[in-house]
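Notes follow once the structure below has been shown.
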2 protein chains.
Amino acid sequence: MGDSQLKLSNQICFPIYSVSRLITKAYKPFLDKMGITYPQYLVLMVLWENDGIIVNQITEKLLLNTNTLSPMLKRMEKMELIERNRSEKDERSVIIKLTAKGKELKKQAADIPNELGKVLVSENVEVSDIMHLKGVLNEWIEILSENKES
Amino acid sequence: MGDSQLKLSNQICFPIYSVSRLITKAYKPFLDKMGITYPQYLVLMVLWENDGIIVNQITEKLLLNTNTLSPMLKRMEKMELIERNRSEKDERSVIIKLTAKGKELKKQAADIPNELGKVLVSENVEVSDIMHLKGVLNEWIEILSENKES
DNA sequence: TATATTTGCATCGTACACGATTTAATAGTA
DNA sequence: TACTATTAAATCGTGTACGATGCAAATATA
């Protein structure tokens with residue numbers, strides 16, 4: 001009722017916003033070595049699983065729009081991590097394919113999950129909390145992204 | 001060991017990044033009515049609790065730097081939500097004070113936590129999950145933001 | 001088949017984030 | 001006191017986010 005609900009720590013928005021940024025920072029040293037940013041890392045993870053998909057399929061997996069992805073993919077093309085080519089079957093679609101360099105980065109990235117785990121554990125983050133959080137957040141993604149297809 | 005760890009859903013980075021953006025979107029309809037953005041809302045919450053603090057104190061509470069806050073505060077000054085004045089005690093500091101308009105918004109914001117709660121519940125988000133998540137995330141903020149004072 | 005609608009992507013404008021640098025004011029110290 | 005170090009903001013450059021709009025290709029429908 002009163003003011004207490006309007007306090008930073010009492011709303012879910014601030015903690016999740018801050019932790020998201022703090023986690024991004026925890027990834028940064030590893031991504032810097034690879035010369036990529038955090039969102040670019042997410043794109044690469046999608047492509048490592050599914051090379052040769054079209055832009056729209058990436059937007060679905062990352063819940064990002066083309067207004068974010070198109071410029072980003074152009075930068076990644078300039079960095080020679082990917083290639084962008086129009087589909088011949090459907091001239092509207094753009095197929096994204098990893099270059100040799102883009103594929104190569106997967107090897108460097110292989111250790112990131114473990115390394116990051118070490119960092120978190122050394123900072124006294126509970127592994128059980130990470131696992132639980134992952135579960136809850138993945139459910140929320142399902143729920144919150146469901147009705148947004150309009 | 002294998003590839004599975006490099007999958008989107010198996011890392012903590014993607015879920016937290018996505019949920020953060022999805023939660024921001026959930027707030028948007030309410031903030032649009034007030035004509036403010038999500039980060040501006042955070043600044044206002046800080047000021048509603050502690051009016052007349054200096055920029056540096058805001059950076060500490062929100063874990064943001066002046067390179068983000070300075071331009072943002074200028075925009076908020078232009079919107080007549082706040083006033084920016086140099087401290088007389090220490091000419092380096094800039095004191096941020098809410099205007100009448102900025103204070104007025106607190107009344108409009110008072111319902112947001114409840115309204116957002118309703119939205120989440122209607123989307124079948126478990127209240128117990130929200131509470132638990134808030135607890136875990138606030139701990140993580142403590143931990144992850146600790147050694148970053150350098 | 002001509003036209004309307006939808007789809008996939010790109011572009012534009014605005015607002016963050018953030019590393020790095022700059023500037024001015026204060027504090028510390030020889 | 002003169003000089004150095006620290007501190008508080010601001011600025012710069014780059015890279016996202018995202019609502020809105022534009023455009024061409026494909027599809028649907030009269």
Side-chain angles (χ1 to χ4, degrees), chain A residues 13 17-29 31-32 35-43 53-60 62-79 81 84-96 145 148-150, chain B residues 13-14 17-29 31-32 35-43 53-60 62-79 81-82 84-96 145 148-150:
Chain A
C13 60
Y17 158 84
S18 298
V19 169
S20 175
R21 286 170 35 236
L22 289 168
I23 294 274
T24 302
K25 270 185 195 162
Y27 273 85
K28 189 160 193 304
L31 300 180
D32 277 350
I36 57 176
T37 67
Y38 185 81
Q40 289 168 5
Y41 174 56
L42 296 179
V43 169
I53 60 180
I54 68 173
V55 174
N56 218 29
Q57 290 173 304
I58 302 179
T59 70
E60 280 167 18
L62 296 183
L63 308 176
L64 287 169
N65 271 315
T66 56
N67 49 9
T68 297
L69 275 172
S70 287
M72 205 167 113
L73 292 171
K74 279 195 172 180
R75 281 188 290 273
M76 293 176 76
E77 184 184 39
K78 198 169 285 179
M79 295 161 72
L81 298 174
R84 295 160 60 251
N85 292 296
R86 289 274 161 191
S87 164
E88 295 189 359
K89 277 209 307 271
D90 184 340
E91 287 283 340
R92 291 170 304 180
S93 300
V94 170
I95 296 171
I96 307 297
S145 66
K148 310 302 185 287
E149 295 152 12
S150 61
Chain B
C13 60
F14 175 66
Y17 158 84
S18 298
V19 169
S20 175
R21 286 171 35 238
L22 290 168
I23 293 274
T24 302
K25 271 185 197 162
Y27 273 86
K28 189 159 194 306
L31 300 181
D32 277 350
I36 58 176
T37 67
Y38 184 80
Q40 289 169 6
Y41 174 57
L42 297 179
V43 169
I53 60 180
I54 68 173
V55 174
N56 220 26
Q57 291 173 303
I58 302 179
T59 69
E60 280 167 17
L62 296 183
L63 308 177
L64 287 169
N65 271 316
T66 57
N67 50 9
T68 298
L69 274 173
S70 286
M72 205 167 113
L73 291 171
K74 279 195 173 181
R75 280 188 291 272
M76 292 176 75
E77 184 184 38
K78 197 170 285 180
M79 294 161 73
L81 297 174
I82 60 164
R84 294 160 61 249
N85 292 295
R86 289 274 161 190
S87 164
E88 294 189 0
K89 278 210 305 273
D90 185 339
E91 286 284 339
R92 290 171 304 181
S93 301
V94 170
I95 296 171
I96 307 297
S145 66
K148 309 302 186 285
E149 295 152 13
S150 61

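The chains referred to below are lettered A, B, ... by the order of the sequence lines, with proteins before strands, and numbering in each begins at 1. Excluded from the calculations below are hydrogen atoms, water molecules and symmetry mates; all remaining heavy atoms, backbone and side chain alike, are included.
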Could you tell me the boundaries of the chain A footprint on DNA chain C, defined by atoms under 4.0 Å from its heavy atoms?
C:dT7 to C:dG19
Starting from P on D:dA17, measure out to CD1 on B:I23 and report it in whole angstrom.
17 Å
Expressed in angstrom and rounded to an integer, what is the separation of A:L63 atom CG from D:dA17 atom C1'?
13 Å
For A:P71 and A:T68, the nearest pair of non-hydrogen atoms, with its separation, is CD-O, 3.4 Å
Approximate separation, where rounding is to 0.5 Å, of B:L69 CG and B:L64 CG:
5.0 Å
Could you grab the distance from atom OG of A:S145 to atom CG of A:L63, nearest 0.5 Å is fine?
5.0 Å
Tell me, please, which residues at least two apart from B:R92 pass salt bridge (charged side-chain N to carboxylate O under 4.0 Å, His left out).
B:D90
List the atom pairs, donor and acceptor, that lie under 3.5 Å between side-chain atoms in residues 53-60 of chain A and the rest of the protein, sequence neighbours left out.
residue: A:N56; atom: OD1; partner: A:T59; partner atom: OG1; Å: 3.4
residue: A:Q57; atom: OE1; partner: A:I54; partner atom: N; Å: 2.9
residue: A:T59; atom: OG1; partner: A:N56; partner atom: O; Å: 2.6

d(CG, A:L31; C1', D:dT14) in whole Å:
16 Å
Distance col, row B:R21:CZ vs B:K25:NZ, nearest 0.5 angstrom, shows 6.0 Å
Does B:Y38 place a side-chain N or O at less than 4.0 Å from the phosphate oxygens OP1/OP2 of D:dC18?
no
Suppose we screen for salt bridge (charged side-chain N to carboxylate O under 4.0 Å, His left out). Which residues come up paired with B:R84, at least two apart in sequence or across chains?
B:E77
When rounded to the nearest 0.5 angstrom, what distance separates CD1 in B:I36 from CG in B:L42?
9.0 Å
Whole-Å gap separating C1' (D:dG15) and CG (A:L42):
14 Å
Specify the separation, in whole Å, of atom CE of A:M76 and atom P of D:dT14.
19 Å
First encountered from the 5' end of DNA chain C, between B:R75 and B:N65:
B:R75
Polar pairs (N or O, both sides) under 3.5 Å between protein and nucleotides 6-10 of chain D?
residue: D:dT7; atom: O2; partner: B:R92; partner atom: NH1; Å: 3.1
residue: D:dA8; atom: OP2; partner: B:N56; partner atom: ND2; Å: 3.1
residue: D:dA9; atom: OP1; partner: B:V55; partner atom: N; Å: 3.2
residue: D:dA9; atom: OP1; partner: B:V94; partner atom: N; Å: 3.2
residue: D:dA9; atom: OP2; partner: B:N56; partner atom: N; Å: 2.7
residue: D:dA10; atom: OP1; partner: B:R84; partner atom: NH2; Å: 2.7
residue: D:dA10; atom: OP2; partner: B:S70; partner atom: OG; Å: 2.6
residue: D:dA10; atom: N7; partner: B:T66; partner atom: OG1; Å: 3.1

Whichever of B:K28 and A:M72 has its nearest DNA chain D nucleotide further upstream toward 5'
A:M72
Qualifying residues under ring-ring contact (aromatic ring centres under 6.0 Å, His included), relative to B:Y38, sequence neighbours excluded:
A:Y17, B:Y27
Using a 4.0 Å heavy-atom cut-off, does A:T68 contact any base of the nucleic acid, only the sugar-phosphate backbone, or nothing at all?
base
Between B:R21 and D:dA17, is there a side-chain N or O to OP1/OP2 distance below 4.0 Å?
no
